[in-house]
Amino acid sequence: MIVNEQQLAEQNRKSMSSYLAPSVRNIQPSGIRKFFDLVSGNKDIITLGVGEPDFVTPWHVREACVYSLERGFTGYTSNAGMPELREAIAEYLNDSFHVAYDPANEMIVTVGGSEAIDLALRALIVPGDEILIPEPCYISYSPITSLGGGVPVGIETKAENQFKLTAEALEAKITPKSKILILCYPSNPTGAIMTYEDWLPIAEVVEKHDLIVISDEIYAELTYEGKHVSFAQVPGMKDRTILVSGFSKAFAMTGWRMGYVCAHSDLIAAMLKIHQYTVMCAPAMGQVAALEALRNGMGEKDRMVDSYNQRRRLIVKGLCEVGLDCHEPQGAFYAFPSIKRTGLTSEDFAQQLLTEAKVAAVPGTAFGSGGEGFIRCSYATSISQLNEALERIGKFMEKLI
């Protein structure tokens with residue numbers, strides 16, 4: 001009788017999967033989360049993995065949230081977000097990156113940058129549209145594209161070009177079905193940035209082929225050599241650009257899930273309809289915290305960026321010294337060293353590094369096929385941890401080469 005119940009349960013599990021939409025059933029789980037489930041709870045492992053600041057959200061930001069709760073500020077806000085927060089975001093973008101948006105009808109406060117990307121793709125994709133995605137890239141772009149009925153098309157970027165997107169590589173992938181180009185600079189996972197001069201030929205291709213651009217600029221503040229240049233700054237590109245950003249990385253607010261999207265009013269109106277029917281509005285207390293971060297958190301932001309910059313120089317120097325070639329990342333908080341000289345695949349290298357050296361890094365293939373031969377190492381961890389990780393990696397490399 002027990003065997004029959006187990007068999008029945010197994011049959012039910014199999015039959016339930018048949019109800020799933022093929023677009024969901026065919027998506028693979030996150031390569032990052034899958035890998036780091038293996039290290040969860042193991043205190044002997046140094047983790048250079050999840051892209052999250054090791055800083056805690058500044059106290060005055062947390063205090064603003066607590067005070068809002070004590071005052072009973074627990075209801076819905078405007079669907080697009082608190083007007084004063086949108087005004088503060090608009091002022092910040094204009095002052096910091098020289099892009100001007102009307103907070104009344106060209107902006108939505110979202111549940112993290114991830115919701116903003118999802119809104120943009122769902123508002124634009126007609127089934128069969130091709131979405132151009134430079135790789136290696138943030139892991140969510142292709143799955144979200146597929147869920148929306150689009151076809152992700154990878155564009156390989158190369159270490160010899162510092163993982164910058166080139167007009168030639170972009171042009172080579174364009175077909176009559178191409179509709180959207182997704183950009184992420186500073187880049188996760190490579191740390192690459194694009195200068196104004198780098199953007200100009202890309203803009204020519206975008207205009208030539210009448211593309212819409214989704215520009216994920218969540219790491220904009222973490223630019224170490226010069227200032228971040230938004231694609232929307234390029235003449236003629238603002239109306240073609242959907243700018244996505246948020247508070248997670250620069251303000252150490254990952255768990256708050258506070259993001260925003262800025263675009264032409266016609267595009268924002270379409271995204272707002274989806275936002276209204278799915279999440280209603282971003283959490284009110286999170287919006288209060290985000291407003292406090294913009295008004296009074298620039299000093300802490302700058303200190304965190306200075307700390308990341310120090311760690312950036314440390315990890316790049318250390319990786320090169322132990323035999324892993326690594327281009328110098330100019331943004332974000334990731335190093336993307338090549339492991340090709342070892343003869344191992346990215347997956348095998350990361351697995352052996354974890355098992356033998358107790359250091360967790362992400363296989364480059366988690367970020368697309370262009371990531372083969374690389375691993376991603378987050379340096380958003382303490383100097384002492386980075387030094388220990390580099391020592392362990394060095395001993396591990398001595399056994400391989």
With sequence neighbours left out, which residue pairs that include part of [range] fulfil the side-chain hydrogen bond (donor to acceptor under 3.5 Å, both in side chains) condition?
range	result
residues 265-286	N79-Q276, E115-H275
residues 83-92	Y92-E221
residues 281-297	H60-E292, T77-Q287, E292-N296

Just to verify, what does [X] make a salt bridge (charged side-chain N to carboxylate O under 4.0 Å, His left out) with, not counting sequence neighbours?
X	value
R240	D210
K179	D129
K340	none

**OP:** Please confirm whether the backbone N or O of F163 pairs with a side-chain atom of N161, one donor and one acceptor, at under 3.5 Å?
**Re:** no

Original post:
Does S68 use its side chain to pair, donor to acceptor, with the backbone of C65 at less than 3.5 Å?
Top reply: yes

Original post:
Considering all heavy atoms of both residues, which atom of S78 and which atom of C281 are nearest to each other, and what is their separation?
Top reply: O-CB, 3.6 Å

Run the ring-centre check on [X] versus [Y] and record whether the distance is less than 6.0 Å.
X	Y	answer
Y308	F55	yes
Y219	Y138	no
W199	Y185	yes

Subject >> Salt bridge flag under 4.0 Å for residues K358 and D44 >> reply: no

**OP:** State plainly whether the residues E168 and K173 are in salt-bridge range, i.e. N to O under 4.0 Å.
**Re:** no

Original post:
Under 6.0 Å from the six-membered ring centre of Y67 and within 45° of its axis: does the NZ or CZ of R71 meet both?
Top reply: yes

Original post:
Within 45° of the six-membered ring axis of Y101 and under 6.0 Å from that ring's centre, is NZ or CZ of K238 located there?
Top reply: yes

